[in-house]
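Source: prediction; values computed, not measured. Worth knowing before you read on, the calculation uses all heavy atoms, side chains too, and leaves out hydrogens, waters and symmetry mates.
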Amino acid sequence: SATSMYHMFYGCNSLTSLNVSGFNTSSVTSMQAMFASCSGLTSLNVSSFNTSSVTSMLGMFTSCSSLTDVVGVENFNIEALNHTYDFNTFMLGVTLPTARYDALLINWDAQDPFDGMSPHFGNSQYTAGGTAAAARANLISNDNWTISDGGTAPPVPFAMTVRTTAANETFTIPCQDVGTFNASVDWGDGSSSTVTTYNDADLVHTYASAGDHAISISGTFPNINFADAGDKSKVIAVTNLGQVGWQSFIDAFYGCGNMTSFTSGVTDTSSVTSMLGMFSSCASLTSLDLSNFDTSSVTDMDFMFSGTTQLQSVDVSSFDTSSVTTMYQMFVLASSLTSLDVSSFNTSSVTNMSGMFWVCSSLTSLNISNFNTSSVTTMENMFENCNNVTDIVGVENFDIEGITSGSGLTSFMIGVTLPTSRYDALLINWDAQDPLDSLFPYFGGSQYTAGGTAAAARANLISNDNWTIQDGGTA
């Protein structure tokens, strides 16, 4: 029933922790100076707060000088604030993590806030050149806000860990002749190098002692290219992909068979045009975090996850694939994947899906109902040996009229058995199109209903389109 939390914890400077997760704030109208001068708090979780009725947040966290994070503040509803001073000194003296402050700017800009406010976000810094920067600029220009903060965050370096096993062992960072290099390499043993070309001699380093070495690269470093060669086996982890001006990930970590984890962290991949073979044959990879990948410029995802045989899950649900033209063997031999969400994939420009899910033998189902296959010219081996898949939702609606070669459906679904209703629908829908003659589709153990529309469609594909169909026969 509380309607005001004005100065509730003001000046409680000896508090070192505070659990407010049970607070029902749906009726609260004032949070002015609620936590002001709680200088002993190091973190605070307000993710349960409903601020839809709050009309004042003036000085809410001001002088909480030890706070390093305020979880949930980025999701505050600020639309009830109705005076220009309602945000004054809001977070004076506080520094949010950049990721949190970025989210705050983006989420608050998406609302309809009061004009002319002057929020203070302490020393919090935002990521330059991205969505957060655009949101901040919009709040200033469109909503007439005056924002005080710590400005742009410095670019985050690329960081990886390598392992040497003997004294005086060398490690080489391989690159392609793509982009301009102007980077500083911290080798993790107290020494550093400056790199200005893709084949710079200073990309080679000798470690006096064996062990694990944390390499950090800052500046402009547009690509890395292990390409199944060189010191690929010495890489054991990528801990932050960083903001170093990435342009290409062709065969970036291909063959890094001892790399067990990869964390994108804070990164900018918006200029990357190819991820061909990026994680190919990373056979020890069990943890893969791609949550901050911007794939909007990527045209090629061939072999991207091929041979990641120990990887049980990968979240690609946020991938923007609108520019991708080829997904050839994208997940081939990702044999430990138990689930895969590709529901957000825009495949309208994709021409090649051959072997896309070949030997994803631990998947039990797949939903591709959003796939636009109107541009696809070949689907050979697309689902071959997905032996545990019991359903492929949406395959029955594939547009197959773009297939241009007789092998375009060869081995399409070897080892798979669709539900009869799905296979019936596939036969009917595909027969209704104008497919290429003389195709040899293989539908595994899938069975169709005898004596009905599906059987007639199948017979028509064989007699009129000269198809050779292999399946499980009648149900």
Please indicate whether R100 has more than 12 foreign heavy atoms, meaning atoms of other residues, nucleotides or ligands, lying under 6.0 Å from its CZ. yes
D109/R136 salt bridge by N-O under 4.0 Å criterion: no
Is the F305 to F331 ring centre distance short of 6.0 Å? yes
Student check: side-chain heavy atoms of L418 and E396 closer than 4.5 Å: no
According to the interplanar angle, ranging from 0 to 90°, do the rings of F293 and F249 count as parallel (below 30°), tilted (30 to 60°) or perpendicular (above 60°)? parallel
State whether a side-chain donor-acceptor pair under 3.5 Å links T164 with H213. yes
Over 60° means perpendicular and under 30° means parallel, so classify the ring planes of F253 and F279, tilted if in between. parallel
Any donor-acceptor pair under 3.5 Å linking the side chain of N258 with the backbone of S233? yes
Students often mix this up, so state it plainly: with edges at 30° and 60°, are the rings of Y207 and W187 parallel, tilted or perpendicular? perpendicular
Indicate whether any N or O donor in one side chain lies under 3.5 Å from an N or O acceptor in the other, for N50 and N24. no
T373 side-chain N/O to D399 backbone N/O, donor-acceptor pair under 3.5 Å: yes
So, E380 side chain and T378 main chain: donor-acceptor pair closer than 3.5 Å or not? no
Relative to the ring of F158, is the ring of W246 parallel (under 30°), tilted (30 to 60°) or perpendicular (over 60°)? perpendicular
Please list all pairs passing the ring-ring contact (aromatic ring centres under 6.0 Å, His included) test where one or both residues lie in residues 332-354, with sequence neighbours left out. none
Please work out which of the three classes, parallel, tilted or perpendicular, describes the rings of F383 and F412, given edges at 30° and 60°. perpendicular
